[in-house]
Amino acid sequence: MCGIVGYVGPKSTLEVLIGGLRRLEYRGYDSAGVSVIANGQLETRKKAGKLNNLVAEIEAHPLPTAHIGIGHTRWATHGAPTDGNAHPHLGGQTSRLSLIHNGIIENFAELKAELLASGTKFSSETDSEVAAHLIAKAFERTGELVAAFTEVVNRLHGAFTILVIDQDQPDVVLAARRNAPLVIGLGEHENFLGSDVAAFVEHTKRAIAVGQDQIVILRAESVEVIGFDGKPAETEEFEVDWDASAASKGGWPSFMAKEIADQPQSIADTLMGRLSHDGHVSLGDLAALSPEYIKNIDRLVIVACGTASYAGDVGKYAIEKWARIPVSVELSHEFRYRNPIITPNTLVVAISQSGETMDTLMATRYARELGAKVISICNTQGATLARESDATLYTHAGPEVAVASTKALTSQITATYLLALMLAEARGASAPAELARLGKELLKLPAKVTDVIENLPQAMALGTAHADASSVLFLGRNVGFPVAMEGALKLKELAYIHAEGFAAGELKHGPIALIEEGQPVIVIVPSPRDADSLYPKVISNIQEIRARGAKVIAIAEEGDATVGDYAESVVFVPQTEPIFSAVLSVIPLQAFALALSTAKGLDVDQPRNLAKSVTVE
Ligand code: G6P
């Protein structure tokens with residue numbers, strides 16, 4: 001939530017800031033603003049609404065050429081999304097200091113009372129403005145900007161990344177990080193700051209992830225990192241493997257459309273180097289889990305939020321079936337606050353695209369305090385979650401910009417398959433020949449996803465045809481159940497209509513009462529080939545709802561000659577191992593939601609009220 005970018009160097013600062021904000025806009029898009037220092041003078045422009053409103057504001061009131069500046073795109077927490085509450089916020093008697101903030105300052109009320117008592121005037125309702133005034137005042141008192149900044153960040157409670165520039169020290173950007181993301185980009189005679197590497201990846205691939213409770217002193221020719229205690233901090237440089245072009249639309253009408261189409265590649269990239277041609281899985285990234293430790297795991301807890309939790313739900317079927325370890329999937333925010341039973345033999349697996357979801361971070365910190373090992377399945381290099389895990393299995397899906405997750409989900413599911421096969425082998429829980437067969441089948445998944453993508457116009461046409469629907473229900477069993485949940489979530493997120501996913505077996509215990517004439521229901525139909533298939537049961541469920549007026553769209557396996565007799569429309573996906581079918585059947589649901597939302601004239605990349613990365617609890 002909230003994207004931040006900072007720059008110092010010879011380039012046009014405004015271009016760097018606006019370019020960075022465009023790539024970070026997924027983090028929040030309620031308002032945006034920039035401050036630059038030119039000719040010793042601080043200049044600020046900010047505007048409610050999407051980034052284009054700010055761009056229009058700058059066109060109307062141009063900014064001078066500058067070589068230092070900060071920019072912000074907001075997801076409102078304290079104070080409505082108005083021009084006044086937009087960042088940056090100014091501090092100091094002459095408003096010469098500018099500050100941007102991502103996070104929540106929990107003790108802001110008490111700090112604000114102190115400032116009000118000393119006569120400070122506020123121009124916004126935000127928690128962030130208190131920090132601007134406090135730093136400006138401390139600077140006026142001490143004459144030392146870094147010391148003033150350090151003093152104040154030590155007084156703030158909660159979660160924050162804060163960036164500050166001051167016209168009295170026009171060569172330096174100061175930044176502080178506690179419980180919110182911050183990455184440094186290292187250039188030649190220039191340096192960058194961003195909420196994530198997307199902010200500067202078009203300028204440099206060299207980066208440093210800033211640690212917890214650290215301060216950055218950023219100049220064009222130097223980068224210094226110190227702790228909140230003022231002592232020098234150790235840093236480690238890494239190379240960003242995202243391509244700048246991967247974070248652009250590349251001719252697609254939306255990022256979401258592009259990211260749906262990216263899936264054969266993102267899944268192949270997630271498998272690359274981890275699955276040999278004979279189906280053997282080796283996960284060097286998880287070397288921190290010794291064979292001895294793996295043998296002793298007695299329980300696996302997957303923690304995640306939103307779409308990532310559905311990846312966990314699918315992973316549970318794979319891990320329990322092949323590795324024979326009991327798995328529970330927990331929403332991170334529920335897990336953290338219910339005193340869960342965790343032992344040193346509990347392996348916690350945190351799944352997060354961004355690696356910055358605060359609830360998931362809090363859950364993993366808590367699990368580690370209780371002595372558990374934590375591994376993460378994460379898509380973002382340098383993310384806090386990866387830094388705080390014992391090991392990370394990166395998903396290599398590339399940047400996901402659309403707020404609604406698509407390619408990150410299918411890569412996360414793929415990573416859980418790899419994890420399941422690795423654990424199964426290490427524990428001797430499945431026969432080697434069976435594991436090799438599964439591995440070889442998994443290798444074929446990217447090609448099968450390509451077939452699904454080629455057939456997406458059918459799912460899109462169905463989405464467009466349902467543009468007037470006020471409610472869509474989704475049913476599935478086994479891995480089809482989390483797929484149904486995800487299909488419903490996509491519609492809520494993108495089309496703002498009532499949508500619910502149910503376990504088909506639960507139908508008669510309540511949801512069937514919702515069925516009336518014309519109700520669209522999307523049913524994930526399992527393979528009829530599998531000996532233990534739930535196929536006949538799902539066909540019965542379809543008949544039960546059709547008898548009550550439901551209009552059924554089935555997502556079914558190619559070669560299923562029967563399903564067409566029971567459904568109004570059938571979208572076929574290629575045959576695969578039943579557990580792998582989750583990846584194939586969820587993609588038409590992504591396309592259905594995309595098309596339905598587009599037909600309603602909505603913004604598919606930036607749905608209302610949402611942010612891609614929820615960095616507050
Ligand atoms: C937000 C996003 C979802 C995402 C969830 C978890 O709600 O809108 O698309 O699934 O956060 O995000 P994470 O980065 O932890 O996977």
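In each ligand, atom 1 is the first atom listed, and ligand 1 is the first ligand listed. Only heavy atoms go into these numbers, but all of them, side chains included; no hydrogens, no water, no symmetry mates.
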### Query
What protein heavy atom sits nearest atom 12 (O) of ligand 1, and how far off is it?
T357 OG1, 3.4 Å

### Task
Please work out whether the ring planes of F580 and W322 are parallel, tilted or perpendicular, with thresholds of 30° and 60°.
perpendicular

Check residues 391-398 and write down every donor-acceptor pair under 3.5 Å in which the side-chain atom is one partner and the other belongs to a residue at least two apart or another chain.
from : atom 1 : to   : atom 2 : distance (Å)
T392 : OG1    : S376 : OG     : 3.0
T395 : OG1    : C378 : O      : 3.2
T395 : OG1    : N379 : OD1    : 3.0

### Worked verdict on V183 versus Q381 for side-chain contact (heavy atoms from CB on, under 4.5 Å)
CA-CA 10 Å; V183 189; Q381 284 173 287; over 6 Å; no

### Query
Atom CZ of F481 and atom CZ of F474: how far apart are they, to the nearest 0.5 Å?
13.5 Å

### Message
Please classify the E356 to ligand 1 contact at 4.0 Å (heavy-atom distances, strictly less than): side chain, backbone, both or neither.
### Response
neither

#### Entry: Identity and separation of the nearest protein heavy atom to atom 1 (C) of ligand 1
K612 O, 3.4 Å

### Task
State whether F160 and R177 meet the cation-pi test: NZ (Lys) or CZ (Arg) under 6.0 Å from the six-membered ring centroid, and within 45° of the perpendicular axis.
no

### Within residues 470-496 or reaching into it, pairs that qualify as salt bridge (Lys or Arg N to Asp or Glu O under 4.0 Å) - sequence neighbours excluded
E486-K490, K490-E493

### Message
Checking the side chain of Y496 only, and the main-chain atoms of R608 only, is there a donor and an acceptor separated by less than 3.5 Å?
### Response
yes

### Query
How far is atom 7 (O) of ligand 1 from its nearest protein heavy atom, and which residue and atom is that?
V614 CG2, 4.0 Å

### Summary
Closest to atom 16 (O) of ligand 1 among protein heavy atoms sits Q353 N, 2.7 Å

### Query
What atoms of ligand 1 come within less than 4.0 Å of a heavy atom belonging to T307?
10 (O)

### Task
Quick one: look up the protein heavy atom nearest atom 9 (O) of ligand 1 and list residue, atom name and how far away it is.
V403 O, 3.2 Å

## Note on the structure
dist L361:CG -> R336:CZ (nearest 0.5 Å) comes out at 12.0 Å

### Query
Judging by distance only, is a nitrogen or oxygen of I351 under 3.5 angstrom from one on ligand 1?
no

### Query
Just distances here: any N/O of T360 and N/O of ligand 1 closer than 3.5 Å?
no

### Message
Students should be able to answer this: which protein heavy-atom is nearest to atom 5 (C) of ligand 1, and at what distance?
### Response
C305 O, 3.9 Å

### Message
With nothing but distance in play, are any N or O atoms of A611 less than 3.5 Å from an N or O of ligand 1?
### Response
yes

